[in-house]
Q: 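I'd like to ask some things about the structure below.
Both ligands and their constituent atoms are indexed starting at 1 by order of listing.
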Amino acid sequence: MRIDILTLFPEMFDGPFDVSMIKRAQERKLVEIHIHNIRDYSTDKHHRVDDYAYGPGAGMVMMIQPIADLIEKLKSERHYDEIIFTTPDGTMFNQKIANNLSLKGNIIILCGHYKGIDQRLREKYFTMELSVGDYVLTGGELASMIISDAVIRLIPGVLNDETSALSDSFQDNLLSPPVYTRPEVYDGVKVPSILLSGNDRAIEEWRYEQALEKTRRLRPDLLKEE
Ligand code: ADE
């Protein structure tokens, strides 16, 4: 898979993709991440990347020209399966969308800024508009990292334990059950005895009950989905 990220702040990406599973996924050529500085494509003599919004008091909007030129350039080089815009007024990103995206070949993610982008640009190029939550970030960079991270770990071969993605929270619209490690008694509290029983089937049932109870209590909305 190839992910092209279009950003005004490429330096924000130093770090998050250079550690742990995402680093290993790149080393093993399971994913290529390309960070593009939108400002490098501005033909404005001051390399401006923002522009005024029509109408009073509307704030600044990302300039059309550098974004359009960069997307056209990338599209002329290869086919893209999805072109994504990160924005608080997008569809809510979730595990199902992450699963779908992990099966794609090439995707572009544009990190939104200011008051966003021109509506005509949205309609012309973007196949998906994604929000990572009902709150407003300073820009779409962190959102693009969240989306990339959630997608990359689902690419076959990225996780060490192939089965572990299947037991993630949300994979069955359920939150994960609690987990325990050593010691058997910590701070006077014992590990639930079922986990020490050696009865794998009973443990699976217990985990399912725990997941269901936790989901009912904390995220009843998930149980209503589909
Ligand atoms: N940009 C600013 N806030 C955002 C959000 N919640 N999701 C995606 N992109 C954003």
Q: Is the gap between the ring centers of Tyr41 and His36 under 6.0 Å?
A: no
Q: Among Arg207, Arg201, Glu209, whose side-chain contact (heavy atoms from CB on, under 4.5 Å) with Glu205 holds?
A: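 Running side-chain contact (heavy atoms from CB on, under 4.5 Å) over Arg207, Arg201, Glu209 with Glu205 returns exactly one hit, Arg201.
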Q: Tell me whether Asn37 contacts the main-chain N or O of Arg39 through its side chain, where contact means a donor paired with an acceptor under 3.5 Å.
A: yes
Q: What protein heavy atom lies closest to atom 1 (N) of ligand 1? Include the residue and the distance to one decimal.
A: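 Looking at atom 1 (N) of ligand 1, the protein heavy atom closest to it is Pro88 CD, 3.6 Å.
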Q: Before you tell me yes or no, could you show the steps for Thr87 and Glu129 under side chain to side chain donor-acceptor pair (under 3.5 Å), namely the whole-Å CA-CA distance, both residues' side-chain angles and the distance that decides it to 0.1 Å?
A: CA-CA 7 Å; Thr87 177; Glu129 300 184 327; over 6 Å; no
Q: Below 4.0 Å from ligand 1: does a non-hydrogen atom of Gly139 turn up there or not?
A: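 Under 4.0 Å: yes for Gly139.
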Q: I need the contact type for Leu130 against ligand 1. Using non-hydrogen atoms and a strict under-4.0 Å cut-off, is it side chain, backbone, both or neither?
A: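 Looking at Leu130 and ligand 1, just backbone atoms fall under 4.0 Å.
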Q: Return the closest protein heavy atom for atom 6 (N) of ligand 1 as residue, atom name and distance.
A: Tyr135 O, 2.8 Å
Q: Got the closest protein heavy atom to atom 7 (N) of ligand 1, with its distance?
A: Val132 N, 3.0 Å
Q: For Thr138, is the nearest heavy atom under 4.0 Å from an atom of ligand 1?
A: no
Q: Which residue supplies the protein heavy atom nearest to atom 9 (N) of ligand 1, what is that atom called, and how far is it?
A: Thr87 N, 3.2 Å
Q: I'd like to check whether Gly133 has a polar contact with ligand 1, where a contact means an N/O of the residue lying under 3.5 Å from an N/O of the ligand.
A: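 Checking ligand 1 against Gly133, an N or O pair does fall under 3.5 Å apart.
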Q: Just need the protein heavy atom nearest to atom 3 (N) of ligand 1, so name the residue and atom and give the distance.
A: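 The answer is Leu137 N, 2.9 Å.
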Q: Compute whether any side-chain donor of one residue and acceptor of the other, for Gln65 and Thr43, lie under 3.5 angstrom apart.
A: yes
Q: Under a plain distance cut-off of 3.5 Å, with no hydrogens placed, do Glu82 and Thr127 share a side-chain donor-acceptor pair?
A: yes
Q: Only heavy atoms of Val136, strictly under 4.0 Å: list the atoms of ligand 1 that pass.
A: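 Per the distance check, 3 (N).
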Q: Is any NZ, NE, NH1 or NH2 atom of the basic residue among Asp89 and Arg122 found under 4.0 Å from an Asp or Glu carboxylate oxygen of the other?
A: yes
Q: Rounded to the nearest 0.5 Å, what separates atom CG in Leu222 from atom NZ in Lys214?
A: 12.0 Å
Q: With heavy-atom distances below 4.0 Å as the criterion, list the atoms of ligand 1 near Ala143.
A: 8 (C), 9 (N)
